[in-house]
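Quick notes on the structure that follows.
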Amino acid sequence: MVIIGAAALLRLPVALAYSRIAALLFLWIASDAMMLGLIARDRRPGWRAGIAALATAGMAVFSLSPPPIRTALLTMPWALAVPVFAIALHGGWGLWRVVERVRHWNRCDSERWVALLAEVFPRPFARFAVAEARLLHLALFRWNAAPDVPPGATGFAYHRHLQPMMIALLLLSCVEIGVTHLLVAHWNRALALILFVISDVSLVYLIGLIKSLRLAPVLLTETGVRIRAGILVDRTIPYDAIAEVAANPGGKTVRAGDSWNVALLAWPNLILRLAQPLPPRSRWRPVPVRRIALRLDEPGPFLDELRARLGTRRVTEES
């Protein structure tokens, strides 16, 4: 926030009139803000963290400065020495670490791409970039892929009830996007282009979600029930944490505040009662989760195998 505020002040006439002083002040404010933020998070940051903070400050100065301020910075090579050196050192060290990780590449590690990008970029950004790349790959390329069922696990589909409704939603979205684009284009072509890009990205995400419903079935693994709802939900519940499994839950049970409904658009036909509640799903819904409602295309085989894995008859019928 401090860096963005300082960048906004650079557009004032007084800053443009004294561009060299404004450039030096912005460089100092950005470096100071990044280093103070780093020290506030970690009292003893390592040297790599300090170099990364200075490199980030330098990149922020170069990217957020208006052209007159950027020109003034380029006329002062002595002022650019520290940020340029920090960017070069951080980038070089990160690339060397990437090469070292590639040499010891582990194809079984699902977080390998995140680990590679985290050597150069912040880990939250690396996780976000890898998640977006996987979603785009799923939406655009994985058309005939087999469902993700690891060895030793049994998969149970739930997409046959959801996919028709979501495909209908996708078709309606295409019609709405086309009509909206034509109407807005008559008023403002720039706004129509922005909305067109946003809507196209949303369509790609929706296609990825629809495809993920088939590729990510609910699993009975060796350790527990892996509850999945496409790319939206992926949570493993250990068998000893399941107190009871009920079929055909009532509306009051499903809509209770401590119930987590992962059936999306369909009405659930199964509900898991937990022996111990799960932590709240978000700060806006602070109630612990004591039940998980889901819908399967064939709940009977799931109940039979879950009964066998639990070793007890805890499957009941609710009216």
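FYI, the numbering just counts along the sequence from 1.
- The hydrophobic cluster containing Leu10 also contains Leu74, counting ILVMFWY residues as joined when their side-chain heavy atoms lie under 4.5 angstrom apart, directly or transitively.
- Listed by first and then second residue, the side chain to side chain donor-acceptor pair (under 3.5 Å) pairs that reach into residues 11-28 are Arg20-Thr75, sequence neighbours excluded.
- Identified under the ring pair (Phe, Tyr, Trp, His ring centres under 6.0 Å) test for residues 259-279, with sequence neighbours left out: none.
- Shortest non-hydrogen contact noted between Leu138 and Ser212 is CD2-CB, 3.7 Å.
- Nearest approach of Ala229 to Leu264, heavy atoms of both residues: CB-CD1, 4.3 Å.
- Rounded to the nearest 0.5 Å, atoms CE (Met59) and CG (Leu64) are 10.5 Å apart.
- Rounding to the nearest 0.5 Å gives a distance of 11.0 Å between CZ of Arg142 and CZ of Arg134.
- Lys211 has its side chain within reach of Ile207: a pair of non-hydrogen atoms, C-beta onward, lies under 4.5 Å apart.
- With sequence neighbours excluded, the residues forming a salt bridge (charged side-chain N to carboxylate O under 4.0 Å, His left out) with Arg291 are Asp258, listed by chain and number.
- Counting all heavy atoms, side chain and backbone alike, Gln163 lies closest to Ile210 at NE2-O, 3.0 Å.
- Here the straight-line distance linking atom OG1 of Thr154 with atom CZ of Arg226 works out to 13.5 Å at 0.5 Å rounding.
- Of the candidates Leu270, Leu296, Val262, Leu296 is the only one forming a side-chain contact (heavy atoms from CB on, under 4.5 Å) with Tyr158.
- Within the 3.5 Å criterion, the main-chain N or O of Glu222 finds no donor-acceptor partner in the side chain of Tyr239.
- The number of heavy-atom neighbours closer than 6.0 Å to CD of Glu305, taken from other residues, nucleotides and ligands shown, is above 12.
- Residue Leu183 places its CG atom among more than 12 non-hydrogen atoms of other residues, nucleotides or ligands, all under 6.0 Å distant.
- Side chains of Leu272 and Ile227 form a contact here, defined as non-hydrogen atoms less than 4.5 Å apart.
- Nearest heavy-atom pair across Leu27 and Pro83 is CD1-CG, 4.1 Å.
- What you find for Val149 and Gly155 is that their closest heavy atoms are CG1-N, 4.0 Å.
- Note: the hydrophobic cluster containing Val201 does not contain Ile194 (ILVMFWY, side chain heavy atoms under 4.5 Å, direct or indirect links).
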Legend entry - Criterion side chain to side chain contact (heavy atoms under 4.5 Å, CB included) on Met34 and Ile3, from CA distance to verdict: CA-CA 9 Å; Met34 291 301 301; Ile3 294 174; 4.0 Å; yes
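- A distance of 4.5 Å separates OG of Ser259 from CD1 of Ile271, quoted to the nearest 0.5 Å.
- Separating the CG atom in Leu219 from the CG atom in Asp234 is a distance of 8.5 Å, to the nearest 0.5 Å.
- In this structure, Phe62 places its CZ atom where more than 12 heavy-atom neighbours from other residues, nucleotides or ligands lie under 6.0 Å away.
- A perpendicular orientation is assigned to the rings of Phe302 and Phe156, their planes being inclined by more than 60° (bins at 30° and 60°).
- Shown here for Ala15 and Ala22, the closest heavy-atom pair between the two residues is O-CB, 3.7 Å.
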